[in-house]
Amino acid sequence: MAIPTNNRITVDSVMEEETLRAAMDMAKPQVSVIGAGGAGSNIISWIKKKGVAGGKLIAVNTDAAHLGISKADRRILIGPKLTQGRGCGGYPEKGMQATRESISEITREVQGSNIIFLCAGLGGGTGTGAIQILSEELKRATGALVVAVVTLPFAVERYRYSMAKEALLNLQRTADTVVAIDNNRLTRVAGNLPLQQALGVANELVGEFIKGTIETITTASLINIDFADLTAIMEGRGLAAIGVGMSDGMDRIEQATRMALDSQLLDIKDMSMAHGALIHVVGGDDITLEEVTRAGELVTRSLAKEVRIVWGARVDSDIKGKARVMVVLTGVESKFGEEPKPAHEPVPEQKKRFGLF
Ligand SMILES: Nc1nc2c(ncn2[C@@H]2O[C@H](COP(=O)(O)OP(=O)(O)OP(=O)(O)O)[C@@H](O)[C@H]2O)c(=O)[nH]1
Ligand SMILES: [Mg+2]
């Protein structure tokens, strides 16, 4: 038997190292993020500005001028024949048609992705229309885990409600999970803000959720989230709600977690009925593993026993001394768009006449 020379051992170990590195790269999920319409493109620009490790950022819009200011890695003007780069003027049907016109170009960009995040502000034409077509077509073309993240219009935008409601229902049928943030609930995390600033907070929330999820999956974090775990709680799960909390001091984890559970940004019917929970903890350099575990325990206690919980944690030296907790509950039911029920059942005239009351 030939005895390997030292030289040979070195060559072998270099090859093994290379094989391992190649396997690691292959195992790393490929992530794409598509922002559709004005709000969607703004969210993409927010993520780009903050920086995200791993993940391709794509903006799609029918509005050429707005697309021009987007900071995305790849910008795609959709439906140029239909809209000539002038937007959809609030008509989702037009947004759908524009997306169909450009679908092969978008599909090409996300080929090979394992996770696709789609984001938009529901209520306009481009984003509302595009996200519905993208969810269905890209799932079919790539088989990726499709997570839609949308905001729901403010009450002052009443006329946009019905379109948003229809889109939300449709998305629940096509995307694996639809994380919805009701703009009317932003006051819970941001107080009373002028509209423009409130929209900025919404961008930040959506952006932070997407960035946090990507980074705990693709980069070495304090605690990583496994792609298989993420799939288990998000695949075919319908609607999801999100809540955030931040605190400092001794009880920072307890306080931030409680706040995240209490400030869900979607009016959900029953929190304890959730199917799964995703917890993100971000802390300064001093955050401990024990604290992260504690956040998991607190969320577990608030939900049904059989709920699957995954959590990830990152260190962010910018928030020294503080802890930020984000809790995403999947498989929930929402009251959004339901007509408010009358406080008392109306008394039928007939019963009154026969003296039954
Ligand atoms: N989060 C967030 N929401 C926004 C922003 N701008 C608008 N919105 C919300 O998103 C909804 C859709 O607005 P846009 O994204 O501007 O609309 P669009 O998809 O570009 O549609 P058209 O302009 O009609 O083609 C609005 O009803 C607002 O509720 C933003 O910058 N951030
Ligand atoms: Mg627009």
Side-chain angles (χ1 to χ4, degrees), residues 33-50 58-72 75-80 82-102 106 117-135 148-168 170-171 178-187 189-190 193-211 242 244 265-266 336-337:
V33 189
I34 306 181
S41 303
N42 289 347
I43 292 164
I44 293 286
S45 294
W46 185 92
I47 301 175
K48 182 74 184 181
K49 226 166 69 193
K50 283 272 158 179
I58 305 163
V60 303
N61 206 344
T62 55
D63 180 340
H66 195 278
L67 197 59
I69 57 165
S70 166
K71 305 271 182 288
R75 302 180 288 187
I76 303 175
L77 181 68
I78 53 170
L82 181 76
T83 75
Q84 279 90 41
R86 296 194 194 114
C88 287
Y91 296 102
E93 187 54 45
K94 226 172 165 183
M96 287 182 173
Q97 262 176 279
T99 313
R100 286 196 194 99
E101 189 186 312
S102 305
I106 305 170
F117 287 99
L118 303 172
C119 54
L122 294 186
T126 306
T128 309
I131 199 167
Q132 295 178 69
I133 302 297
L134 292 176
S135 170
V149 195
V150 294
T151 59
L152 307 174
F154 287 99
V156 288
E157 306 177 287
R158 195 87 222 169
Y159 66 101
R160 294 174 175 242
Y161 251 59
S162 58
M163 290 184 298
K165 190 178 163 188
E166 200 184 317
L168 191 65
N170 197 15
L171 277 175
V178 187
V179 180
I181 291 175
D182 188 346
N183 282 346
N184 301 292
R185 291 196 147 212
L186 287 176
T187 46
V189 289
L193 287 177
L195 183 72
Q196 211 50 40
Q197 278 178 41
L199 292 177
V201 172
N203 292 352
E204 194 171 331
L205 275 166
V206 176
E208 185 61 46
F209 162 68
I210 295 176
K211 174 178 152 68
I242 198 167
V244 286
L265 296 170
L266 181 69
F336 173 74

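Remember, it's 1-based here, ligands and their atoms both numbered in the order they're listed. No hydrogens, no waters, no symmetry mates; every other heavy atom, side chains included, goes into these values.
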- Considering all protein heavy atoms, does one lie under 4.0 Å from atom 23 (O) of ligand 1? no

- Could you list which atoms of ligand 1 come closer than 4.0 Å to a heavy atom of G90? 24 (O)

- Under 3.5 Å donor-acceptor, S41 side chain and L67 backbone: no

- Query: Can you find an N or O of G127 that's nearer than 3.5 Å to an N or O of ligand 1?
  - Reply: yes

- Message: Applying side-chain hydrogen bond (donor to acceptor under 3.5 Å, both in side chains), can you list everything that pairs with R185, at least two apart in sequence or on another chain?
- Response: D267

- Can you list the atoms of ligand 1 that are under 4.0 Å from a heavy atom of N42? 30 (C), 31 (O)

- Sidechain-backbone polar pair: T128 side chain, G123 backbone, donor-acceptor under 3.5 Å: yes

- Query: N/O to N/O below 3.5 Å, does that happen between T126 and ligand 1?
  - Reply: yes

- Query: For K211, which residues count as a side-chain hydrogen bond (donor to acceptor under 3.5 Å, both in side chains) partner, sequence neighbours excluded?
  - Reply: E215

- Task: Between R160 and ligand 1, find which residue part has any heavy-atom pair under 4.0 Å and reply side chain, backbone, both or neither.
- Result: side chain

- Message: With rounding to the nearest 0.5 angstrom, report the CG to CG distance, L186 to L199.
- Response: 8.0 Å

- Where ligand 1 meets G37 - atom numbers and elements under 4.0 angstrom, heavy-atom basis: 19 (O), 20 (O)

- For A39, take its heavy atoms, then give the atoms of ligand 1 lying under 4.0 Å from any of them. 2 (C), 3 (N), 4 (C), 5 (C), 8 (N), 10 (O), 14 (P), 15 (O), 30 (C), 32 (N)

- Under the 3.5 angstrom rule, does the side chain of D63 hit a backbone N or O of R86 as a donor-acceptor pair? no

- Does the side chain of D182 pick up a donor-acceptor pair with the side chain of N184 at under 3.5 Å? yes

- Message: If you take the nearest heavy atom of each of D63, N203, L199, which one is closest to atom 32 (N) of ligand 1?
- Response: N203

- Message: Within ligand 1, which atoms have a heavy atom of A202 less than 4.0 Å away?
- Response: 1 (N)

- Item | Protein contact to atom 17 (O) of ligand 1 [nearest heavy atom, distance to 0.1 Å] | G124 CA, 3.8 Å

- Query: Hey, is CD on E166 packed in by over 12 heavy atoms from elsewhere, all under 6.0 Å?
  - Reply: no

- Item | C88: numbered ligand 1 atoms lying under 4.0 Å from its heavy atoms | 25 (O)

- For atom 12 (C) of ligand 1, what is the nearest protein heavy atom, given as residue, atom name and distance? G121 O, 3.3 Å

- Message: Please check if the number of heavy atoms outside F154 that lie under 6.0 Å from its CZ is greater than 12.
- Response: yes

- Relative to the heavy atoms of N183, which atoms of ligand 1 are at a distance of less than 4.0 Å? 29 (O)

- Is there at least one pair of N or O atoms, one from G38 and one from ligand 1, spaced under 3.5 Å apart? yes

- Item | N or O contact, G125 vs ligand 1, cut-off under 3.5 Å | yes

- Sub-4.5 Å side-chain heavy-atom contact between V33 and I44: yes

- Query: With respect to atom 28 (C) of ligand 1, which of Q196, E157, M163, R86 exhibits the smallest heavy-atom separation?
  - Reply: E157

- For S102 and G79, indicate whether the former's side chain and the latter's backbone hold a donor-acceptor pair under 3.5 Å. yes

- Would L152 count as a contact of ligand 1 if the rule is a heavy atom under 4.0 Å away? no

